[in-house]
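This report refers to the structure that appears directly beneath it.
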Amino acid sequence: MNAVNLQVNLGGLVMKNPVTVASGTFGYGAEYDQYFDVSRLGAVTVKSLTLKPRAGNKPPRIFETPAGMLNAIGLQNVGLDAYLADKLPFLREKNCTIIANIYGYGPDEYAELARRLEAEGGADAIEANLSCPNVHDARHARGGTLVSQSPEKVLEYTRAIKSATKLPVFIKLSPNVADIAAPALAAQEGGADAVSLINTLLGMDIDPETRRPRLGNIVGGLSGPAIRPVAVKMVWDACRALDIPVLGMGGIASTGDALQFLLAGARAVAVGCMSFRQPDAALKIIEGLEEYCIRQGITDINDLVGAVRI
Ligand SMILES: Cc1cc2nc3c(=O)[nH]c(=O)nc-3n(C[C@H](O)[C@H](O)[C@H](O)COP(=O)(O)O)c2cc1C
């Protein structure tokens with residue numbers, strides 16, 4: 001029997017512990033099952049799903065940077081039909097809690113993805129990626145915008161998704177904004193059950209010898225420990241503005257990192273690219289959270305949420 005209650009409720013999604021994995025860093029779950037029993041996770045968050053399969057961007061698509069990595073995968077994924085037919089059965093057989101991350105071209109596609117995922121039992125919650133920096137190829141180098149950079153669009157998209165499903169809906173936001181509270185509040189106004197943050201920070205790296213960008217897409221998204229303090233601060237900012245809960249992520253590599261996000265106000269956390277370096281990182285963090293609670297005499301992990309001492 002657990003001496004510590006690790007269960008959390010993230011906007012209507014009951015998770016047996018507050019740790020999931022970040023979309024795009026954990027495949028569809030089965031890829032990691034050789035390293036640990038993935039049903040131990042509070043939830044498995046799958047790679048962004050689109051209506052049709054996507055091949056992604058031209059290589060190179062990943063470049064290691066100091067304390068992090070740049071990626072411009074471009075939402076390579078199997079598409080909704082293949083997810084439902086080939087990937088979902090494993091997750092259901094293992095009794096995993098599933099957060100299905102979705103990406104669409106316009107609010108109608110997001111709504112369609114959410115509707116079909118609910119109808120076909122493909123998710124326990126929807127996370128709408130309104131913040132992928134890598135899907136319009138080089139356009140961002142020329143000043144394109146992400147949906148989540150416009151509070152008006154966040155409101156419109158959130159309403160469309162919410163009207164299509166009764167599943168909990170999480171809106172995933174970009175850190176590439178001046179004030180994270182603005183899109184977060186727009187998501188809340190649109191009926192979101194939680195917000196997820198942060199997605200990657202836009203970045204660029206150039207090889208001085210060839211004078212070429214390191215990524216085929218020219219620019220990409222920065223993730224890893226380098227972005228953690230930015231992410232903690234944005235979670236803190238968002239939590240002070242919102243009534244709905246926050247799923248915090250960005251550079252989490254250890255139990256201590258995960259605790260920082262909870263203390264800043266996140267109800268749950270996601271481990272991202274650390275799983276590339278240490279495939280069972282999320283499991284170690286779950287175990288570490290329980291040990292921390294026992295050591296600190298805390299019987300309910302929810303008591304840590306927002307408990308930073310200022
Ligand atoms: C290789 C890679 C692929 C990613 N793909 C997605 C994706 O498909 N959808 C999405 O919402 N976020 C995607 N992300 C962003 C992560 O989910 C996460 O928000 C971000 O990496 C910050 O967490 P981290 O620093 O712990 O990796 C991706 C990140 C990486 C590194």
Side-chain angles (χ1 to χ4, degrees), residues 19-29 31 43-50 53-57 59-80 83 87 99-104 110 113 123 125-135 146-148 157 169-176 180 194-203 215-217 220-232 234-235 238 246-254 257-258 260-261 266 268-279 281-282 285:
V19 182
T20 182
V21 284
S23 177
T25 64
F26 210 73
Y28 306 93
E31 295 87 338
V44 172
T45 305
V46 300
K47 172 76 185 168
S48 277
L49 295 164
T50 48
R54 278 182 59 95
N57 291 330
R61 308 198 294 187
I62 281 184
F63 181 72
E64 192 167 346
T65 56
M69 63 181 275
L70 274 176
N71 93 82
I73 304 292
L75 294 184
Q76 176 184 7
N77 80 102
V78 297
L80 181 63
Y83 165 73
K87 309 294 184 186
I99 302 174
N101 182 300
I102 58 173
Y103 183 91
Y110 278 99
L113 282 155
I126 302 287
E127 181 180 70
N129 175 8
L130 301 189
S131 47
C132 182
N134 297 324
V135 271
L146 312 172
V147 171
S148 85
Y157 279 60
V169 171
F170 310 155
I171 300 294
K172 187 162 175 184
L173 299 175
S174 169
N176 297 291
I180 195 70
V195 295
S196 304
L197 59 125
I198 59 176
N199 208 320
T200 51
L201 279 157
L202 276 168
L215 296 175
N217 190 53
L222 183 66
S223 61
I227 72 170
R228 194 193 61 227
V230 176
V232 171
M234 287 201 162
V235 165
V246 167
L247 172 59
M249 68 194 82
I252 295 176
S254 68
D257 298 345
Q260 290 196 49
F261 283 79
V269 297
V271 177
C273 62
M274 186 60 190
S275 297
F276 297 156
R277 177 163 293 168
Q278 186 194 335
I285 289 171

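Each ligand, and each atom within it, is numbered from 1 in the order the structure gives. Keep in mind that the numbers below use all heavy atoms, side chains included, and drop hydrogens, waters and symmetry copies.
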TODO: Please confirm whether Gly224 comes within less than 3.5 Å of ligand 1 when only nitrogen or oxygen atoms on both sides are compared.
DONE: yes
- [ ] Can you pull out the closest protein heavy atom to atom 2 (C) of ligand 1? Residue, atom name and distance to 0.1 Å, please.
- [x] Asn71 ND2, 3.5 Å
- [ ] Measure from the side-chain N and O atoms of Ser174 to the backbone N and O of Ser131, and report whether any donor-acceptor pair falls under 3.5 Å.
- [x] no
- [ ] Examine Thr25 against ligand 1 and note whether any of their N/O atoms are separated by less than 3.5 Å.
- [x] no
Task: Closest non-hydrogen atom pair, Tyr103 against Cys132 - done: CE1-CB, 4.2 Å
Open item on the list: Using a 3.5 Å cut-off on N or O atoms only, is Ile62 in polar contact with ligand 1?
Closed with: no
TODO: Could you pull out, from Ala270, Ala128, Cys273, Gly221, the option with a heavy atom nearest to atom 27 (O) of ligand 1?
DONE: Cys273
TODO: Quick one: look up the protein heavy atom nearest atom 9 (N) of ligand 1 and list residue, atom name and how far away it is.
DONE: Ser48 OG, 2.8 Å
Open item on the list: Between Thr50 and Pro53 (side chain of the first, backbone of the second, donor and acceptor by atom type, cut-off under 3.5 Å), is there such a pair?
Closed with: no
Open item on the list: Is there a polar contact between ligand 1 and Phe276, counting only N or O atoms under 3.5 Å apart?
Closed with: no
Open item on the list: Would the distance check show the side chain of Asn176 and the main-chain N or O of Leu202 forming a donor-acceptor pair, the cut-off being under 3.5 Å?
Closed with: yes
Open item on the list: Glu127 versus ligand 1: do any nitrogen or oxygen atoms come within less than 3.5 Å of each other?
Closed with: no
- [ ] Check each atom of ligand 1 against the heavy atoms of Gly272 and keep those under 4.0 Å away; list them by number with element.
- [x] 24 (P), 26 (O), 27 (O)
Open item on the list: Run Val232 and Phe261 through side chain to side chain contact (heavy atoms under 4.5 Å, CB included) and show every step you take.
Closed with: CA-CA 6 Å; Val232 171; Phe261 283 79; 3.6 Å; yes
TODO: Around atom 8 (O) of ligand 1, find the nearest protein heavy atom and jot down its residue, atom name and distance.
DONE: Lys47 NZ, 2.9 Å
Open item on the list: I'd like to check which ligand 1 atoms, numbered from 1 as shown, lie under 4.0 Å from a non-hydrogen atom of Leu75.
Closed with: 8 (O)
TODO: Return a yes/no value for Ser23: is any of its N or O atoms, backbone included, closer than 3.5 angstrom to an N or O of ligand 1?
DONE: yes
TODO: Run the contact test for Leu197 against ligand 1 with a 4.0 Å cut-off on heavy atoms, strictly below, and give the result.
DONE: no
- [ ] Report the nearest protein non-hydrogen atom to atom 12 (N) of ligand 1: residue, atom name, distance rounded to 0.1 Å.
- [x] Lys172 NZ, 3.0 Å
Open item on the list: Tell me the nearest of Ile252, Ile198, Thr200, Val230 to atom 19 (O) of ligand 1, using heavy-atom distances.
Closed with: Ile198
TODO: Kindly compute the distance separating CE (Met274) from CZ (Arg228), expressed to the nearest 0.5 Å.
DONE: 11.5 Å
Task: Main-chain N/O of Val78 paired to Tyr28 side chain as donor or acceptor, under 3.5 Å - done: yes
Open item on the list: Under 4.0 Å from a heavy atom of Ala22: which atoms of ligand 1 are those, numbered in the order shown and with their elements?
Closed with: 16 (C), 17 (O), 18 (C)
Task: Within-cut-off N or O pair, Val271 and ligand 1, under 3.5 Å - done: no
Open item on the list: Checking a contact table here: which protein heavy atom is nearest atom 3 (C) of ligand 1, and how many Å away?
Closed with: Gly24 O, 3.5 Å
- [ ] Determine yes or no for a side-chain-to-main-chain donor-acceptor pair under 3.5 angstrom, with Glu31 supplying the side chain and Gly29 the backbone.
- [x] yes
Open item on the list: For ligand 1 and Ile227, I'd like to know whether there is a polar contact (N/O to N/O, distance under 3.5 Å).
Closed with: no
Task: Atom pair CD1 (Ile62) and CG (Leu215), whose distance is rounded to the nearest 0.5 Å - done: 9.0 Å
TODO: Classify the ring geometry between Tyr157 and Tyr110 as parallel (under 30°), tilted (30 to 60°) or perpendicular (over 60°).
DONE: perpendicular
Open item on the list: Could you tell me, atom by atom, which parts of ligand 1 come under 4.0 Å of a heavy atom of Asn129?
Closed with: 9 (N), 10 (C), 11 (O)
TODO: Of the side chain and backbone of Asn199, name the one, both, or neither that has a heavy atom under 4.0 Å from an atom of ligand 1.
DONE: both
Task: Region of Asn77 that comes within reach of ligand 1 [heavy atoms, distance under 4.0 Å] - done: neither
Task: For the student: nearest non-hydrogen atoms of Ser196 and Phe170, plus distance - done: OG-CB, 3.7 Å
Open item on the list: Please check: side-chain N/O of Ser23 versus main-chain N/O of Asn101, any donor-acceptor pairing under 3.5 Å?
Closed with: no
Task: Atom pair CG/CG of Asn199 and Leu173 - distance to nearest 0.5 Å - done: 9.0 Å
TODO: List the closest protein heavy-atom neighbour of atom 24 (P) of ligand 1: residue, atom name, distance to the nearest 0.1 Å.
DONE: Gly251 N, 3.4 Å
Task: atom 21 (O) of ligand 1 [closest protein heavy-atom partner, distance rounded to 0.1 Å] - done: Ser223 CB, 3.3 Å
Open item on the list: Taking atom CD as the centre, does Glu64 end up with more than 12 heavy-atom neighbours from other residues, nucleotides or ligands that are less than 6.0 angstrom away?
Closed with: no
